[in-house]
Amino acid sequence: MITFTVEGRDGIQFPVEIPEGISLSLMEVLKGSDYPILATCGGMALCATCRVQVLKGLEQLPSPGDDELDILDTLPFVDESSRLSCQLRINESLEGCLFRIPQED
């Protein structure tokens, strides 16, 4: 089981448990759990409406790819903790992470 925590826009934190071997992105899990992630482009790293902040565990995540970095560079309110949830696959690297769904910019 892979366990991580999501903090909603209201500041309330919820633990999430996903069985290992599930081939989903963090965005798909958030949308499926009714978190307020728009994901307008459907996970193509084109819109940044699935942006999350990594409050804990950033160092254990894979580095962002060029497409993700290109989109994040266009946003006014991002920092090194900002990631696109569509680009984070559910695997052991998410274990123990804390993700915040930021306020809409």
Side-chain angles (χ1 to χ4, degrees):
M1 195 68 73
I2 297 167
T3 304
F4 54 88
T5 303
V6 176
E7 180 180 300
R9 290 188 177 116
D10 56 7
I12 297 174
Q13 294 183 0
F14 296 95
V16 178
E17 291 185 346
I18 305 292
E20 291 185 41
I22 298 293
S23 182
L24 295 173
S25 68
L26 177 59
M27 176 209 73
E28 292 167 318
V29 169
L30 294 174
K31 284 189 71 71
S33 300
D34 293 326
Y35 286 99
I37 291 284
L38 292 177
T40 306
C41 73
M44 304 283 294
L46 297 173
C47 68
T49 59
C50 69
R51 181 174 61 90
V52 295
Q53 290 175 283
V54 184
L55 302 180
K56 179 182 173 193
L58 183 63
E59 67 285 345
Q60 66 198 47
L61 298 177
S63 298
D66 290 340
D67 290 341
E68 182 176 2
L69 289 171
D70 288 346
I71 291 299
L72 289 172
D73 282 344
T74 67
L75 301 175
F77 302 107
V78 298
D79 58 25
E80 63 277 348
S81 72
S82 298
R83 295 296 303 266
L84 299 181
S85 64
C86 68
Q87 300 301 297
L88 295 171
R89 303 304 301 173
I90 300 297
N91 60 40
E92 63 280 346
S93 70
L94 274 64
E95 181 65 37
C97 287
L98 171 57
F99 300 97
R100 175 188 290 155
I101 300 172
Q103 297 295 325
E104 295 179 12
D105 300 330

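Not counting sequence neighbours, the partners of Thr40 by the side-chain hydrogen bond (donor to acceptor under 3.5 Å, both in side chains) test are Thr49. Evaluation of the side-chain hydrogen bond (donor to acceptor under 3.5 Å, both in side chains) rule for Thr3 yields no partner, not counting sequence neighbours. Judged as a side-chain hydrogen bond (donor to acceptor under 3.5 Å, both in side chains), and not counting sequence neighbours, Glu95 has no contacts. Residues passing the side-chain hydrogen bond (donor to acceptor under 3.5 Å, both in side chains) test with Glu28 are Ser25, sequence neighbours excluded. By the side chain to side chain contact (heavy atoms under 4.5 Å, CB included) test, Asp79 pairs with Ser81, Ser82, sequence neighbours left out. Here Gln60 pairs with Cys97 under the side chain to side chain contact (heavy atoms under 4.5 Å, CB included) rule; sequence neighbours left out.
The CD atom of Glu7 lies 5.0 Å from the CD atom of Gln13; values are rounded to the nearest 0.5 Å. For the atom pair CD (Gln53) and CZ (Phe77), the distance works out to 12.0 Å, reported to the nearest 0.5 Å. Atom-to-atom distance recorded for Ile71:CD1 and Cys41:SG is 8.0 Å, nearest 0.5 angstrom.
For the pair Arg9 (side chain) and Pro102 (backbone), a donor-acceptor distance under 3.5 Å is present.
Through direct or indirect side-chain contacts shorter than 4.5 Å among Ile, Leu, Val, Met, Phe, Trp and Tyr, Leu94 is connected to Ile2, Phe4, Val6, Ile12, Phe14, Val16, Ile18, Ile22, Leu24, Leu26, Met27, Val29, Leu30, Tyr35, Ile37, Val52, Val54, Leu58, Leu61, Leu88, Ile90, Phe99, Ile101. Counting side-chain heavy-atom gaps under 4.5 Å among Ile, Leu, Val, Met, Phe, Trp and Tyr, Met1 is found in no cluster with other residues. Taking Ile, Leu, Val, Met, Phe, Trp and Tyr as members and joining any whose side-chain heavy atoms lie under 4.5 Å apart, directly or through other members, the hydrophobic cluster of Leu46 also contains Met44.
The shortest non-hydrogen separation linking Cys50 to Cys86 is SG-N, 3.4 Å. Closest approach of Ala45 to Gln87, counting heavy atoms only: CB-NE2, 3.5 Å. Contact between Leu69 and Pro64 at its shortest, heavy atoms only, is CD2-CG, 3.6 Å.
Within the structure, salt bridge (charged side-chain N to carboxylate O under 4.0 Å, His left out) contacts touching residues 64-73 (residues at least two apart or in different chains) are Glu68-Arg83.
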